[in-house]
Student: 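First the structure, then my questions, so here it is.
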Amino acid sequence: MELFKHTVHALHGMLVKKDISAVELAKSVFARTDAVEPQIRSYITETREQALAQAAAVDAKIMRGEAIAPLAGIPGALKDNICTKGIKTTCASKILANFVPPYNATVVDKLTAQDAVLTGKVNCDEFAMGGSTENSGFFVTHNPWDTERVPGGSSGGSAASVAAGQAIWALGSDTGGSIRQPAAYCGSVGLKPTYGRVSRYGLVAYASSLDQLGPITRDVTDSALVLNAIAGYDAKDSTSINVETPDYTKALVQDVKGLKIGLPKEYFGAGIQPEVAAAIKQAIDQLTAMGAEVKEVSLPHTEYALPAYYLIAPAEASSNLARYDGVGFGHRAPGNDIIEMYKKTRSEGFGPEVKRRIMLGTYALSSGYYDAYYLKALQVRTLVKQDFDKAFAEVDILITPTAPTTAFKIGELSDPLAMYLQDICTIPINLAGLPGISIPCGFVAGLPVGMQIIGKPLAEATIIQAAYAFEQANDYHTRFAPLGEV
């Protein structure tokens, strides 16, 4: 039985009925990884021994007749910028190639409390900086739908591992689209919660005012289950929102009657692949037929979101990454004095994209340029948020493409500016701190297309309901990458 093809909720039912064991499930996922990892290259570090021990503990609970949590015994992978006690956390960077954290991220503790089986740490763009996983300090991950193409990024390893059956679910981080865009490229469901909904404690910081953790899964039900496990207030995270966390599975209702959908005209213009726009339009027509109301809205400052992001995020990155100097932890290069040691350590340890963003950020924060660049970008951020506020006064959700194109070929976008433009549909949502979910809504030349549903702050339940209703009316989420025939 190809257990690796099933969803979290289906496998939970099998475990409870004792149709399968958690150890059997873990071994099925490991066998799948052995078969496809040479082509996909998702994992930086595997933790099979620990995973089998976790699975055996779940089996023992089931045999004793104890109730198990929805994620208990279900194998999942973690993006390698999430701290795991006693397990390497590299951020896909040579500067942290051998770093072993002395503590767990809050989300890891929450997942462990649910008896989830953690299969290992998966690849990403170095320090989560990139949109293709080509910027990993170790190797490039490949898209299971076409191994000559990128899986997206920065959470490319997370999305590819789920799409290839190397994990049933995965966690990623999203600073400017890094959960939603790879989910779109890999035909998975990617959910970025409201900023502060999920604790960032133990997530290695890229841009602290933008980063957010979230799930990548096979379907919307699984997203709700993983979000239930990881969401909630955390006193260890000063940006965590202290509000009650609902049960997101209660939003799994197949009903969009009367739901007001806004279509931002700025997201359907130049730069969007015509076939992608057509797939989104077809999905919107379907939602309209199901009883939703659709109207065009405007987010006039959208064109300024990208330049604002690429000032704010690198500025925060230059500050956050200053700690990697060879003194406290991580890679250290020898030098005749401390300045030479700093220079050599950072030159050897960081890759080109990370260096590019550190330099951009340092420049934007430097004396004489702070007001002209960084402060101006923060003001634009406020305007972008106000655009969303005005739109949400008229509608319940917004729908856009997740990415302007389907997955591109590895090496195709060598120009950093062309790569940055791939984030045009996702970045504004991070600037405004809003929740967004990407779900499969069609295929173009055999490659998945993602539709992005954006909600008001803390309205994860609304976007989950809209996504679920659309998903259940289609079969896109049931399709498995052709790599499944390997």
Side-chain angles (χ1 to χ4, degrees), residues 1-37 40 42-43 46-78 108 110-122 144 158-171 186-189 215-230 247-249 252 468 471-472 475 477-486:
M1 192 190 300
E2 292 180 319
L3 297 177
F4 61 82
K5 285 188 175 182
H6 291 280
T7 59
V8 170
H9 54 97
L11 291 166
H12 175 74
M14 293 183 206
L15 287 168
V16 169
K17 291 176 187 170
K18 300 181 185 175
D19 293 338
I20 61 168
S21 72
V23 168
E24 182 187 356
L25 172 56
K27 286 181 176 177
S28 171
V29 170
F30 296 152
R32 174 63 174 176
T33 299
D34 288 338
V36 302
E37 179 64 9
I40 303 301
S42 289
Y43 282 91
E46 290 191 66
T47 53
R48 294 192 181 192
E49 197 173 315
Q50 177 185 306
L52 287 171
Q54 290 169 327
V58 172
D59 285 336
K61 275 191 175 183
I62 294 169
M63 292 307 292
R64 291 195 298 268
E66 295 178 29
I68 60 168
L71 292 185
I74 313 293
L78 303 174
V108 177
K110 281 176 172 273
L111 291 165
T112 304
Q114 276 233 358
D115 293 319
V117 170
L118 303 178
T119 56
K121 312 296 288 292
V122 285
S158 301
S161 65
V162 171
Q166 298 176 281
I168 309 300
W169 57 272
L171 286 195
C186 291
S188 304
V189 175
I216 295 177
T217 58
R218 300 268 162 78
D219 67 6
V220 177
T221 302
D222 284 3
S223 276
L225 290 170
V226 179
L227 186 58
N228 274 352
I230 63 173
D247 176 359
Y248 293 109
T249 59
L252 300 170
Y468 180 77
E471 174 191 84
Q472 293 302 302
D475 70 346
H477 62 293
T478 66
R479 302 188 197 180
F480 210 77
L483 191 74
E485 303 344 307
V486 169

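Heads up: numbering here begins at 1 and tracks the sequence. All of these numbers come straight from a predicted model, not from anything done at the bench.
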Student: Nearest 0.5 Å, please: how far is CG in L25 from NE2 in H12?
Tutor: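 Reported to 0.5 Å precision, the distance equals 13.0 Å.
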Student: Looking at every heavy atom in both T47 and G120, which two are closest together, and how far apart are they?
Tutor: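 That would be OG1-N, 3.3 Å.
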Student: At their closest point, which heavy atom of T217 faces which heavy atom of S188, and how far apart are they?
Tutor: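 Shortest heavy-atom contact: O-CB, 3.5 Å.
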Student: Distance from H6 atom NE2 to D222 atom CG, nearest 0.5 Å?
Tutor: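 H6 NE2 to D222 CG: 12.0 Å, rounded to 0.5 Å.
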Student: If I compare all heavy atoms of V29 with all of G165, which pair ends up nearest, and what's the gap?
Tutor: CG1-O, 4.1 Å
Student: Sequence neighbours left out, what passes side-chain contact (heavy atoms from CB on, under 4.5 Å) with T112? Give chain and number order.
Tutor: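 So T112 forms a side-chain contact (heavy atoms from CB on, under 4.5 Å) with V108, L118.
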Student: State which residues pass side-chain contact (heavy atoms from CB on, under 4.5 Å) with A159; sequence neighbours excluded, sorted by chain then number.
Tutor: P182, C186, I216
Student: Return each pair, listed once, that meets side-chain hydrogen bond (donor to acceptor under 3.5 Å, both in side chains) where at least one residue sits in residues 54-68; pairs must be two or more places apart or across chains.
Tutor: K61-D115, R64-E66
Student: Specify the closest pair of heavy atoms between I40 and A160, including all atoms of both residues, with the distance to one decimal.
Tutor: CG2-CB, 3.9 Å
Student: For the NZ atom of K5 and the OG atom of S28, what is their distance to the nearest 0.5 Å?
Tutor: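 Rounded to the nearest 0.5 Å, the NZ-OG separation comes to 10.5 Å.
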Student: Are V226 and L171 packed together at the side-chain level, in the sense that at least one heavy-atom pair is separated by less than 4.5 angstrom?
Tutor: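 Yes; the side chains approach each other to less than 4.5 Å.
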Student: Is a donor on one side and an acceptor on the other found under 3.5 Å between the side chain of R218 and the backbone of V8?
Tutor: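 Here the side-chain-to-backbone pair does not exist.
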Student: Checking Y43 against T119: is there a side-chain donor and acceptor pair closer than 3.5 Å?
Tutor: yes
Student: Identify the heavy atoms of R32 and A164 that sit nearest to each other, and give their distance.
Tutor: NE-O, 2.6 Å
Student: Applying salt bridge (Lys or Arg N to Asp or Glu O under 4.0 Å), name anything that partners R48, two or more places apart in sequence or on another chain.
Tutor: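 D34, E46.
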Student: Please determine whether side chain to side chain contact (heavy atoms under 4.5 Å, CB included) holds for the pair W169 and L111, giving the CA-CA distance in whole Å, both sets of side-chain angles, and the decisive distance to 0.1 Å.
Tutor: CA-CA 12 Å; W169 57 272; L111 291 165; 3.7 Å; yes
Student: Would the distance check show the side chain of E471 and the main-chain N or O of V220 forming a donor-acceptor pair, the cut-off being under 3.5 Å?
Tutor: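 Side chain of E471 to backbone of V220, a donor-acceptor pair under 3.5 Å: yes, one is there.
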Student: Quick one: side-chain hydrogen bond (donor to acceptor under 3.5 Å, both in side chains) partners of T7, sequence neighbours excluded?
Tutor: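 H9.
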Student: Residues in side-chain hydrogen bond (donor to acceptor under 3.5 Å, both in side chains) with T221, at least two apart?
Tutor: none
Student: What's the separation between atom NZ in K121 and atom OG in S158, rounded to the nearest 0.5 Å?
Tutor: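 Atom-to-atom, K121:NZ and S158:OG are 10.5 Å apart.
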Student: Drop me the distance from L71's CG to L11's CG, to the nearest 0.5 angstrom.
Tutor: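 Those atoms lie 11.0 Å apart.
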Student: Using every non-hydrogen atom in the two residues, find where P70 and L225 come nearest and quote the distance to one decimal.
Tutor: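 Between these two residues, the closest heavy atoms are CB-CD2, 3.8 Å.
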Student: Could you state the interatomic distance from CG (L15) to CD1 (I62), rounded to the nearest 0.5 Å?
Tutor: 5.0 Å
